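Counting from 1, the numbers follow the sequence of the chain as shown. Just so it is clear, the structure is predicted and the values come from calculations on it, not from any experiment. Scope of the values below: all heavy atoms of this structure, side chains included, with no hydrogens, waters or symmetry mates.
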Amino acid sequence: MLSTVKQRPEYTFKHNQNLGRHGWLRLTPAYGVKLVEKLLTSVEPDAMILDPFSGTGTTGLVAAEQGKQPILFDINPFLVWLGTAKCRNYSKAEITDIRNRIKLAFKDYKALINQDNWIPAIFNIERWWSRHTLKLLTALRTALVNYFGEPENNHYSLVWIAFCRLIIETSSASFNHVSMSLQETVNQFDIEYTEELFLTILEFILKTAETNISGMITIIETDSKTLKRSSKFILYYW
């Protein structure tokens, strides 16, 4: 007789949501921090950790939080950008700069709502966001570009991670399971809710970014199929 295998949510993305940097942006395929911590207990303190498919950077971030020197690879430029932002240390001056600039951005935000702001060329985009919500999101994006520039590898990445999370949480996407699906109805959000949600997300990210990482992480955008095995590395394949 087959026995039932119980799900271990502490080993999945669900466990990461309130764990500092690990909870900045939820991408469903990510695995739990606890799983990485358990695997790293058998690794020597001075071991070099190589993750050739780093994804959102969970392995590298956990290793660096333990003072290790992980090297990460990923072929997806967005994930390399996200991983770099999650694994970077931020000064008090940089975080203060963001808090000051975001106040200025929101002074312009509402005035931009009725303007013709850029909308991404996504097929049937109103299946993801209502027309009204799109007006709010595109206006906010314009305001952020005006004060923080396009996303790059600098401390303003924290703002853009918050925006990424906002567009996910205001979309019709459902993440109640491993794969993503769309809800039957598309929600519509008002200005006050959108503003409050974004600022709450951003403050969570800024607050958790204040804690520095002791290890040093290297993230490289490349195809891991081009890498060669080496006995110098501890290999973790996910």
Side-chain angles (χ1 to χ4, degrees), residues 17 20-27 30 54-57 60-61 64 72 74 76-122 125 128-129 132-171 173 189-213 217-221:
Q17 295 179 51
R21 295 169 184 245
H22 297 282
W24 284 1
L25 184 62
R26 175 182 174 183
L27 298 177
S54 61
T56 59
L61 183 54
L72 314 182
D74 206 280
N76 186 324
F78 174 79
L79 294 178
V80 172
W81 169 81
L82 175 61
T84 300
K86 288 172 66 176
C87 298
R88 180 185 187 274
N89 285 329
Y90 299 88
S91 68
K92 291 182 179 180
E94 288 174 328
I95 293 176
T96 299
D97 176 42
I98 291 175
R99 287 195 171 108
N100 291 336
R101 282 178 177 265
I102 204 65
K103 294 176 183 177
L104 299 174
F106 267 92
K107 286 184 178 180
D108 294 349
Y109 164 51
K110 292 182 180 179
L112 293 167
I113 291 175
N114 293 319
Q115 294 188 15
D116 187 19
N117 298 297
W118 177 81
I119 298 178
I122 298 175
I125 194 171
W128 293 83
W129 299 275
H132 178 73
T133 303
L134 271 174
K135 290 179 64 176
L136 303 181
L137 295 175
T138 55
L140 178 56
R141 179 192 174 277
T142 299
L144 296 180
V145 169
N146 290 342
Y147 284 93
F148 298 97
E150 296 285 351
E152 296 180 5
N153 289 321
N154 55 32
H155 64 291
Y156 295 149
S157 293
L158 299 180
V159 177
W160 289 111
I161 291 174
F163 182 74
C164 287
R165 183 165 166 180
L166 175 71
I167 63 176
I168 291 173
E169 294 193 12
T170 55
S171 74
F189 301 95
D190 58 29
I191 297 174
E192 289 73 21
Y193 176 85
T194 304
E195 181 175 342
E196 181 179 355
L197 178 58
F198 176 79
L199 292 176
T200 299
I201 293 169
L202 179 60
E203 186 55 33
F204 167 73
I205 292 174
L206 295 179
K207 191 68 178 175
T208 51
E210 293 175 351
T211 302
N212 285 337
I213 302 168
I217 305 169
T218 302
I219 305 179
I220 302 171
E221 181 183 336

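- Distance check: Ile122 CD1 to Leu134 CG gives 8.5 Å after rounding to the nearest 0.5 Å.
- In this structure, Glu196 places its CD atom where only 12 or fewer heavy-atom neighbours from other residues, nucleotides or ligands lie under 6.0 Å away.
- With no hydrogens or angles considered, a side-chain donor-acceptor pair links Trp24 and Thr208 at under 3.5 Å.
- Note on residues 154-170: pairs passing salt bridge (charged side-chain N to carboxylate O under 4.0 Å, His left out), not counting sequence neighbours, are Arg165-Glu169.
- Counting heavy atoms from C-beta on, the side chains of Tyr109 and Ile191 come closer than 4.5 Å.
- Atom CG of Leu137 and atom OG1 of Thr194 lie 6.5 Å apart (nearest 0.5 Å).
- For the residue pair Asn153 and Thr84, no side-chain donor N or O sits within less than 3.5 Å of a side-chain acceptor on the partner.
- Partner Thr138 forms a side-chain contact (heavy atoms from CB on, under 4.5 Å) with one of Ile113, Leu112, Thr133, Ile119 and no other, that one being Ile119.
- Residues in residues 133-156 take part in these salt bridge (charged side-chain N to carboxylate O under 4.0 Å, His left out) pairs, two or more places apart or across chains: Arg141-Glu150.
- Here Phe198 contributes atom CZ and Phe163 contributes atom CZ; the two are 8.0 Å apart, rounded to the nearest 0.5 Å.
- Remark: Leu25 CG to Cys164 SG distance equals 6.0 Å, nearest 0.5 Å.
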| Can you list the steps and then say if Asn100 with Tyr147 is a side-chain contact (heavy atoms from CB on, under 4.5 Å)? | CA-CA 10 Å; Asn100 291 336; Tyr147 284 93; over 6 Å; no

| task | Could you go through the side-chain contact (heavy atoms from CB on, under 4.5 Å) check for Leu199 and Ile102 one step at a time? | result | CA-CA 9 Å; Leu199 292 176; Ile102 204 65; 4.3 Å; yes

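- For Trp129 (side chain) and Ile167 (main-chain N/O), a donor-acceptor pair under 3.5 Å exists by modelled atom type.
- Side chain of Arg99 to main chain of Glu94: no donor-acceptor pair is present (N/O by atom type, distance under 3.5 Å, no hydrogens or angles).
- Between the side chain of Asn76 and the backbone N or O of Gly55 there is no donor-acceptor pair closer than 3.5 Å.
- The shortest distance between side-chain heavy atoms of Leu72 and Ile220 does not fall below 4.5 Å.
- Between Leu140 and Leu166, the closest side-chain pair of non-hydrogen atoms falls below 4.5 Å.
- The backbone N or O of Ala85 sits less than 3.5 Å from a side-chain atom of Tyr90, completing a donor-acceptor pair.
- Gly83 and Ile219 make their closest contact through C-CD1, 3.2 Å (heavy atoms, listed as atom of the first residue, atom of the second, distance).
- Proximity of Tyr193 to Asp190: side-chain heavy atoms (C-beta onward) are separated by under 4.5 Å at one or more points.
- No side-chain heavy atom of Leu79 sits under 4.5 Å from any side-chain heavy atom of Ser54.
- A side-chain donor-acceptor contact under 3.5 Å links Ser171 to the backbone of Ile168.
- The two atoms that bring Lys86 and Thr56 nearest to each other are NZ-O, 2.8 Å, heavy atoms only.
- Between the side chains of Ser157 and Trp81, a donor-acceptor pair is found at a separation under 3.5 Å.
- Rounding to the nearest 0.5 angstrom, the gap separating the CG atom in Leu144 from the CZ atom in Arg101 is 12.0 Å.
- More than 12 heavy-atom neighbours from other residues, nucleotides or ligands sit within 6.0 angstrom of CG on Asn212.
- Between the side chain of Asn89 and the backbone N or O of Ile213 there is at least one donor-acceptor pair closer than 3.5 Å.
- Val145 places a side-chain heavy atom less than 4.5 Å from the side chain of Trp160.
- Looking at every heavy atom in both residues, Ala105 comes nearest to Phe148 through CB-CE1, 4.4 Å.
- Distance alone, capped at 3.5 Å, is enough to place a donor-acceptor pair between the Asn146 side chain and the Thr142 backbone.
- The backbone N or O of Arg88 sits less than 3.5 Å from a side-chain atom of Arg21, completing a donor-acceptor pair.
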